[in-house]
Amino acid sequence: MTLTVRPAAFDDVAGLCELLNAVDLAEIGRPETDPHTVESDLRRPGVDLARDSWVGVDGDGRFVAYGLLWDVAGGERIDVDLYTLPDEDAAAGGCWS
């Protein structure tokens, strides 16, 4: 499988929403993520998408992994969200190295 890893962009909202809803289905049995939530996360204060985000896209253009980190406490605590499609954990592992 070909996997491209790059920073997230605002143009990715629809693809990221699809990925996150697939994760929602696996975790809680229903999609729960909307585009507004994804865009709000990408716009968190202090987030530099080039430095603080990762998107894994397979050869078919499907989003298989996503990560975002942010500083919520001025350097005292860094939070990170990491997601992979349930059937792509092994392939998406390259995103986190």
Side-chain angles (χ1 to χ4, degrees):
M1 166 199 270
T2 302
L3 181 69
T4 301
V5 179
R6 60 169 176 74
F10 294 108
D11 290 345
D12 297 332
V13 168
L16 292 173
C17 193
E18 184 177 316
L19 165 65
L20 295 173
N21 278 316
V23 173
D24 290 343
L25 281 169
E27 289 182 344
I28 62 173
R30 67 183 184 286
E32 191 173 79
T33 305
D34 61 62
H36 175 74
T37 300
V38 175
E39 186 170 345
S40 293
D41 285 345
L42 295 177
R43 293 187 185 281
R44 286 181 186 268
V47 167
D48 175 353
L49 293 179
R51 178 192 67 211
D52 302 330
S53 69
W54 308 265
V55 175
V57 183
D58 72 9
D60 295 326
R62 183 174 68 146
F63 288 74
V64 298
Y66 166 58
L68 183 71
L69 66 87
W70 63 97
D71 179 354
V72 296
E76 292 182 25
R77 187 179 98 202
I78 305 295
D79 285 342
V80 63
D81 283 338
L82 302 171
Y83 303 94
T84 62
L85 280 180
D87 61 338
E88 298 293 339
D89 289 342
C95 292
W96 320 131
S97 33

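All heavy atoms count here, side chains included; hydrogens, waters and symmetry mates do not. This structure is a prediction, so every number in the text was calculated from the model and none was measured.
- Formation of a donor-acceptor pair under 3.5 Å by the D34 side chain with backbone atoms of H36 is found in this model.
- When atom types are taken as modelled, the side chain of S53 and the backbone of A8 share a donor-acceptor pair closer than 3.5 angstrom.
- Hydrophobic clustering places W70 together with F10 (ILVMFWY residues linked when any side-chain heavy atoms are closer than 4.5 Å, directly or through intermediates).
- Listed by chain and number, the residues in a side chain to side chain donor-acceptor pair (under 3.5 Å) with T33 are D24 (sequence neighbours excluded).
- Applying the side-chain contact (heavy atoms from CB on, under 4.5 Å) test to P35 and every residue at least two apart in sequence or in another chain returns V13, C17.
- Contact between L69 and V47 at its shortest, heavy atoms only, is O-CG2, 3.8 Å.
- Across all non-hydrogen atoms, the minimal contact from L82 to V80 is CD2-CG2, 3.8 Å.
- The minimum heavy-atom distance between L16 and V55, with the atom names listed, is CD2-CG2, 4.2 Å.
- D71 meets the salt bridge (Lys or Arg N to Asp or Glu O under 4.0 Å) test with no other residue; sequence neighbours excluded.
- For D41, the side chain to side chain donor-acceptor pair (under 3.5 Å) partners are R44, not counting sequence neighbours.
- Listed by first then second residue, pairs satisfying salt bridge (charged side-chain N to carboxylate O under 4.0 Å, His left out) with a partner in residues 8-23 read R6-D12, not counting sequence neighbours.
- Applying the side chain to side chain donor-acceptor pair (under 3.5 Å) rule to E27 yields no partners; only residues at least two apart in sequence or on another chain are considered.
- Qualifying side-chain contact (heavy atoms from CB on, under 4.5 Å) partners for D48, counting only residues two or more places apart in sequence or in other chains: A50, R51, D52.
- Under the side-chain contact (heavy atoms from CB on, under 4.5 Å) criterion, L25 pairs with P31, sequence neighbours left out.
- Residues passing the side chain to side chain donor-acceptor pair (under 3.5 Å) test with E39, sequence neighbours excluded: R43.
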